[in-house]
S.K.: 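Below is one structure. I have some questions about it.
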Amino acid sequence: MGPHPAVAAIRLAVRRVLHDILDECTRNPDERPRNPGEHSRPPAGPGRIPEAPREREPAPLVLVACSGGADSMALASALAFEAPRLGVRAGGVTVDHGLQAGSDLRAAEVTLRLRGLGLDPVEAVAVTVGRDGGPEAAARDARYAALDAAAERHGAAAVLLGHTRDDQAETVLLGLARGSGIRSLSGMAAVSGAAGRYRRPFLRLDRQTARKACMAQSLSVWDDPHNTDPAYTRSRLRHEGLPALEKALGKGVVEALARTAQLSRDDADALDAWAGRAEAGVRDPDGRLECAGLHALPPAVRRRVLRRAAIDAGAPAGSLFARHIEEVDRLITGWRGQGAINLPGRVVARRQGGRLVIRQG
């Protein structure tokens with residue numbers, strides 16, 4: 001008798017991602033993260049005694065980011081099952097945000113659960129959450145910084161995240177509410193981060209599938225009270241907003257939003273590629289942007305060129321909003337001699353002699 005359907009579904013999703021990671025490591029062996037302390041041997045040369053052949057490269061390490069909740073515990077269990085069958089090493093990291101009493105004890109408990117699944121290495125990382133961008137954004141920034149550091153420390157080829165189709169739907173609605181454009185509507189990518197570090201195997205699976213998989217395997221899970229706290233925007237959306245949409249529009253809203261994310265991502269990727277090619281054609285020999293050339297571009301492409309130029313000049317991407325780019329765009333499309341536009345990061349955009357100059361200070 002085979003595994004429970006939910007267990008089979010999560011294992012298949014993880015197996016596919018592990019195959020992708022193995023294929024990439026095989027195609028690009030020189031770019032594979034090395035274990036700490038692992039050094040390449042100097043080549044043999046004149047007068048040098050050839051060394052014995054190098055030992056076989058160790059199997060790639062894949063970490064799972066686990067909070068102890070149903071989604072990440074289901075992911076950890078699937079990784080623990082599939083990794084040894086594919087010759088992959090599997091480890092885990094849990095991040096203690098320090099936002100709740102006893103969070104250190106829960107983090108220690110999660111590490112015990114991960115070790116009980118057979119994962120190694122496993123560690124808990126404590127972080128300090130700042131205030132920039134609000135509590136949810138600050139916690140996210142601290143978490144990803146800790147995961148990046150853990151991946152570097154252990155030489156991991158990838159870090160798996162337990163975001164589900166429901167999380168994707170919520171992300172799309174949050175982007176829609178901000179009015180941030182098609183890139184925001186594209187939600188979370190299945191592969192993201194530097195060199196494709198982060199992988200999200202469950203974006204096509206719903207939250208209930210992960211929970212059922214935990215129940216079928218008798219896995220203990222921790223339900224974060226923040227997920228039901230109405231003080232948090234995502235919590236209100238999850239427990240009030242989405243149910244109201246499903247009541248008004250019928251079932252299938254989550255699936256439709258997830259499809260919207262994928263379609264929006266495809267469109268945004270195509271427009272970004274177009275903007276990258278167009279940018280070279282609107283710069284003069286000194287590297288300044290020519291206003292006439294910018295004006296001739298479609299608005300969606302032109303604004304991407306402007307956004308990229310602002311980020312290159314030092315504007316933080318996370319603080320650069322649509323309204324900022326619209327103001328800079330008016331220097332091209334609605335020029336009436338207006339003054340400079342101040343952007344985040346002390347970046348200033350101004351029009352000078354038919355050129356657009358974007359720089360700090």
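Both backbone and side-chain heavy atoms feed into the values below; hydrogens, waters and symmetry mates do not. What you see is a predicted model; the values in this text were computed from it and never measured.
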S.K.: With a 4.5 Å limit on heavy-atom distance, are the side chains of L245 and L173 in contact?
M.R.: yes
S.K.: Verify, without hydrogens or angle tests, whether R115 (side chain) and V122 (backbone) share a donor-acceptor contact under 3.5 angstrom.
M.R.: yes
S.K.: Can you tell me how far apart CZ (R307) and CG (L320) are? Round to the nearest 0.5 Å.
M.R.: 5.0 Å
S.K.: Side-chain contact test, heavy atoms from C-beta onward, threshold under 4.5 Å: evaluate it for L294 versus L297 and give yes or no.
M.R.: yes
S.K.: Begin from the C-alpha positions of L160 and V17 and carry the test side-chain contact (heavy atoms from CB on, under 4.5 Å) through to its verdict.
M.R.: CA-CA 9 Å; L160 305 189; V17 169; 3.9 Å; yes
S.K.: Going by distance alone, is a donor N or O of one side chain under 3.5 Å from an acceptor N or O of the other, for T164 and D167?
M.R.: yes
S.K.: Under the salt bridge (charged side-chain N to carboxylate O under 4.0 Å, His left out) rule, what do D20 and R199 come out as? Steps first, then yes or no, please.
M.R.: CA-CA 10 Å; D20 290 342; R199 311 294 173 112; 5.3 Å; no
S.K.: For residues G87 and A59, report the shortest heavy-atom separation together with the two atoms involved.
M.R.: O-CB, 3.0 Å
S.K.: State whether the number of non-hydrogen atoms from other residues, nucleotides or ligands found under 6.0 Å of R346 atom CZ is greater than 12.
M.R.: no
S.K.: Can you tell me how far the CG atom of L331 sits from the SG atom of C291, to the nearest 0.5 Å?
M.R.: 7.5 Å
S.K.: Should L147 and L114 be regarded as members of a common hydrophobic cluster, given that ILVMFWY residues are connected when their side-chain heavy atoms come within less than 4.5 Å of each other, either directly or indirectly?
M.R.: no
S.K.: Applying side chain to side chain donor-acceptor pair (under 3.5 Å), name anything that partners D148, two or more places apart in sequence or on another chain.
M.R.: R197, Y198
S.K.: Could you pull out the closest heavy-atom pair between L205 and A9, with the gap in Å?
M.R.: CD1-O, 4.0 Å
S.K.: Please determine if R85 and E82 form a salt bridge, counting it only when a charged side-chain N lies under 4.0 Å from a carboxylate O.
M.R.: no
S.K.: Do L174 and T233 have side-chain heavy atoms sitting under 4.5 Å apart?
M.R.: yes
S.K.: Does R27 reach the side chain of E24, with side-chain heavy atoms less than 4.5 Å apart?
M.R.: yes
S.K.: Set out, in order, the CA-CA distance, both residues' side-chain angles and the distance that settles salt bridge (charged side-chain N to carboxylate O under 4.0 Å, His left out) for E109 and R113, then state yes or no.
M.R.: CA-CA 6 Å; E109 183 179 351; R113 292 179 188 173; 2.7 Å; yes
S.K.: I need the minimum non-hydrogen distance between A315 and V347, along with the two atoms involved.
M.R.: N-CG2, 3.4 Å
S.K.: Are V95 and L79 in one and the same hydrophobic cluster, where Ile, Leu, Val, Met, Phe, Trp and Tyr link if side-chain heavy atoms are under 4.5 Å apart?
M.R.: no
S.K.: Kindly indicate, with the supporting measurements, whether the criterion side-chain contact (heavy atoms from CB on, under 4.5 Å) is fulfilled by R207 and V254.
M.R.: CA-CA 11 Å; R207 192 172 287 140; V254 168; over 6 Å; no
S.K.: Linking I/L/V/M/F/W/Y whenever their side-chain heavy atoms sit closer than 4.5 Å, directly or via other members, would L63 and L75 fall into one cluster?
M.R.: no
S.K.: Other residues, nucleotides and ligands only: do more than 12 of their heavy atoms fall within 6.0 Å of CZ on R236?
M.R.: yes
S.K.: Pick from V282, V305, V328: which one makes a side chain to side chain contact (heavy atoms under 4.5 Å, CB included) with L356?
M.R.: V328
S.K.: Does the side chain of R288 reach to within under 4.5 Å of the side chain of Q352, using non-hydrogen atoms?
M.R.: no
S.K.: Among the clusters formed by ILVMFWY side chains lying less than 4.5 Å apart, do V7 and L219 turn up in the same one?
M.R.: no
S.K.: Between R200 and A189 (side chain of the first, backbone of the second, donor and acceptor by atom type, cut-off under 3.5 Å), is there such a pair?
M.R.: yes
S.K.: If you count every heavy atom of other residues, nucleotides or ligands that lies below 6.0 Å from R283 atom CZ, does the total exceed 12?
M.R.: yes
S.K.: Under 4.5 Å between side-chain heavy atoms, counting indirect links through other Ile/Leu/Val/Met/Phe/Trp/Tyr residues: same cluster for L237 and L203 or not?
M.R.: no
S.K.: In the structure I gave you, are the side-chain heavy atoms of H97 and V127 within less than 4.5 Å of one another anywhere?
M.R.: yes
S.K.: Nearest heavy-atom pair of E123 and A150: which atoms, and what distance?
M.R.: OE2-CB, 3.8 Å
S.K.: Looking at A6, is its backbone amide N or carbonyl O close enough to the side chain of H4 to form a donor-acceptor pair, meaning the two atoms are under 3.5 Å apart?
M.R.: yes
S.K.: For A80 and L117, work out which heavy atoms get closest and say how close.
M.R.: CB-O, 3.5 Å
S.K.: Should we say atom CH2 of W222 is surrounded by more than 12 heavy atoms from elsewhere, each under 6.0 Å from it?
M.R.: yes
S.K.: Salt bridge (charged side-chain N to carboxylate O under 4.0 Å, His left out) for R143 and D96? Distances and angles first, verdict last.
M.R.: CA-CA 9 Å; R143 180 166 59 254; D96 173 15; over 6 Å; no
S.K.: Tell me whether the count of non-hydrogen atoms from other residues, nucleotides or ligands lying under 6.0 Å of CE in M215 goes above 12.
M.R.: no
S.K.: Checking R265 side chain against G187 main chain: does a donor-acceptor pair fall under 3.5 Å?
M.R.: yes
S.K.: If every non-hydrogen atom of L185 is compared with every non-hydrogen atom of G175, which pair is closest and at what distance?
M.R.: CD2-C, 4.1 Å
S.K.: Which value, rounded to the nearest 0.5 Å, describes the distance between I358 atom CD1 and L306 atom CG?
M.R.: 6.0 Å
S.K.: Using modelled atom types and a 3.5 Å cut-off, is there a donor and acceptor pairing between side-chain atoms of R211 and backbone atoms of A70?
M.R.: no
S.K.: Keeping R302 on the side-chain end and D329 on the backbone end, is there a donor-acceptor pair under 3.5 Å?
M.R.: no
S.K.: Going through the checks in order, is the side-chain contact (heavy atoms from CB on, under 4.5 Å) test met by Q217 and I10?
M.R.: CA-CA 12 Å; Q217 299 173 96; I10 65 170; 4.1 Å; yes
S.K.: Does R234 have more than 12 heavy atoms from other residues, nucleotides or ligands lying within 6.0 Å of its CZ?
M.R.: yes
S.K.: If I take atom CG from residue N342 and atom CD from residue E327, how far apart are they, to the nearest 0.5 angstrom?
M.R.: 11.0 Å
S.K.: For the pair S72 (side chain) and S67 (backbone), establish whether a donor and an acceptor sit closer than 3.5 Å, ignoring hydrogens and angles.
M.R.: yes
S.K.: Please round to the nearest 0.5 Å and tell me the distance separating atom CG of D166 and atom CZ of R238.
M.R.: 8.0 Å
S.K.: Can you check whether D229's main-chain N or O pairs, donor with acceptor, with S235's side chain at less than 3.5 Å?
M.R.: yes
S.K.: Would you please say whether a donor-acceptor pair under 3.5 Å links the side chains of R106 and Q100?
M.R.: yes
S.K.: Taking Q168 for its side chain and L257 for its backbone only, find out whether a donor-acceptor pair lies under 3.5 Å.
M.R.: no
S.K.: I want to check something: taking the side chain as every heavy atom from C-beta on, are F81 and P3 in contact at a cut-off of under 4.5 Å?
M.R.: no
S.K.: Verify, without hydrogens or angle tests, whether S264 (side chain) and A261 (backbone) share a donor-acceptor contact under 3.5 angstrom.
M.R.: no
S.K.: Should R183 and D269 count as side-chain neighbours, where that means a heavy-atom distance under 4.5 Å?
M.R.: yes
S.K.: Under a plain distance cut-off of 3.5 Å, with no hydrogens placed, do D206 and T209 share a side-chain donor-acceptor pair?
M.R.: yes
